[in-house]
2 protein chains.
Amino acid sequence: MTTPTLRTPGLRDRKRAETRARIEDAAVSLVLRDGLEQTTVHAISELADVSPRTFFNYFDSKDGAILGIRNTAMVEEQVAEFLAQPPHRDAIEAVVALLLAIFDAPGGRLTIRKDRMELLQRHPELMASQFEQLTLTHGQIAETVAVILKRYGVSQSADAEDLTSIAGITLAMCGTAVRLAMSTLAQDHTHADTEQIQIRSVALVRATTGSIA
Amino acid sequence: MTTPTLRTPGLRDRKRAETRARIEDAAVSLVLRDGLEQTTVHAISELADVSPRTFFNYFDSKDGAILGIRNTAMVEEQVAEFLAQPPHRDAIEAVVALLLAIFDAPGGRLTIRKDRMELLQRHPELMASQFEQLTLTHGQIAETVAVILKRYGVSQSADAEDLTSIAGITLAMCGTAVRLAMSTLAQDHTHADTEQIQIRSVALVRATTGSIA
DNA sequence: ATCAATAATTGCACACAGTGCATTTTTGCA
DNA sequence: TGCAAAAATGCACTGTGTGCAATTATTGAT
């Protein structure tokens, strides 16, 4: 009988995850210290103790490492996990919760998440990359949003195409709300835990729909 | 008395605008023909009959030329022009109109606009650049949206910070709606003039707010 | 412990984007 | 025509990102 290799990820995968985290940490701390342009892939690799070539085996781009961009498979996993969770009060809360689940670093390392908020404020150019991640995995996420909308019984009359569009717009709205909520809550140097972000995001979305309706 | 050099743009500026347009056209047609990755700045410059170095005197990036990204001053101009226009029915229509005014190519060249819609569908990565343009000029645009929201009397109770957030979310919502409207209307190979896009965008926003409210 | 298969790491060469700087050409105007 | 400003260009350089082949580490089985 072998050791339970199926339960634990195995040495190989553990090392891989560790290396990945080391690169992310190096990237974040260097950009935080020296700025975005000043930080090179070479420097990140050196600090993370890997070769520059290995860096690109783990991430598609410099920004990818800085933001800890996850690939399609990882998002898929998190979406599935989310859908298994207990239901929320309404569609808005559910979509916001979904986004927070996706953006949150696995393992829930609070420090790096807070640092990344800081980075996004100091270097707004990074938001384009974050947005790109969203467009790449947009299919999955928007689809999930559509499922959520259906689940909460909104827009029964809409046809399929409209539902897709509505899901996309809802996603954009909630995504922006989350980003803004993170931004303002990061400025106040309160703890800014996930729950607070959630509450503020939902409030912002409601305020918006209430205002322009 | 000199010739009215203040009224007409003058030969120099006319030539500059023409060169700019030539580069944009070259970029769009090459990407349309060969794809995004296959099209190099070198090739674009050659077709536009300028040196690669000159290319970067006109645009900050390859994507900039492909999308015809305008700089802050140009956006400022278009925003001012928009604000002088007659009022719209409500805030949503006004914001959508603002976005269309900004995205529309000056001179209203229908062909290149249609081509760009095609490009955005074929190469979704480009949306990140479009988004980046939006974040760079985001200050101005979001501010204008805030003005619009005030003008149409929404959210009287909101404090300044909330108004900014609400404006940002409204902008994201309308921007996505416009993008989706362009996308679907480009698929149907109808004419897809600006008015149709306007109508469809507004309808999508209303459907969304109505659904999740 | 040993060994073969497999996966990860690395080095190297390369293509391309983008920038700074000095030089040449073009344009506007007197 | 001739002069000053603006535009175009050539050149050298940094940095990102990729393909490929060689090297090293990990795994599972004997």
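Chain letters run A, B, ... following the sequence lines, proteins first, then strands; residues in each count from 1.
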- Do A:Met117 and A:Ile197 have side chains that get closer than 4.5 Å, going by heavy atoms? yes
- Rounding to a whole Å, what distance do you find between B:Leu126:CG and C:dA17:P? 13 Å
- For DNA chain D, what residues of residues 57-69 of chain B have any heavy atom nearer than 4.0 Å? B:Asn57, B:Tyr58
- Residue pairs meeting side chain to side chain donor-acceptor pair (under 3.5 Å), one or both in residues 91-100 of chain A, sequence neighbours left out, come to A:Arg89-A:Glu93
- Task: Determine: side-chain N/O of A:Lys15 to OP1/OP2 of D:dT26, distance under 4.0 Å, yes or no.
- Result: yes
- Message: Please give me the minimum heavy-atom distance between B:Lys62 and B:Phe55, naming the atom from each residue.
- Response: CA-CZ, 4.0 Å
- Is a salt bridge present between A:Arg22 and A:Glu18, judged by a nitrogen-to-oxygen distance below 4.0 Å? yes
- Task: Taking the side chain as every heavy atom from C-beta outward, state whether B:Val202 and B:His88 have any atom pair closer than 4.5 Å.
- Result: no
- Message: Measure CZ/B:Arg16 against P/C:dT26 and give the value in whole Å, please.
- Response: 17 Å
- Would you indicate whether the side-chain heavy atoms of A:Ile148 and A:Phe82 approach each other to under 4.5 Å? yes
- Message: Taking salt bridge (Lys or Arg N to Asp or Glu O under 4.0 Å) as the definition, give me every residue that meets it alongside B:Asp25, ordered by chain and number, with sequence neighbours left out.
- Response: B:Arg109
- Query: Looking at residues 46-56 of chain A, who's got a heavy atom less than 4.0 Å off DNA chain D?
  - Reply: A:Arg53, A:Phe56
- Message: For DNA chain D, which residues of residues 34-44 of chain A approach it to below 4.0 angstrom with any heavy atom?
- Response: A:Thr39, A:Thr40, A:Val41
- Task: Can you run down the side chain to side chain donor-acceptor pair (under 3.5 Å) pairs that involve residues 31-46 of chain A, sequence neighbours left out, and say none if there aren't any?
- Result: none
- Query: Rounded to the Å, how far apart are B:Arg20 CZ and D:dA8 P?
  - Reply: 12 Å
- Item | Close side-chain approach of B:Asp63 and B:Ile69, heavy atoms under 4.5 Å | no
- Taking the side chain as every heavy atom from C-beta outward, state whether A:Ser201 and A:Leu99 have any atom pair closer than 4.5 Å. no
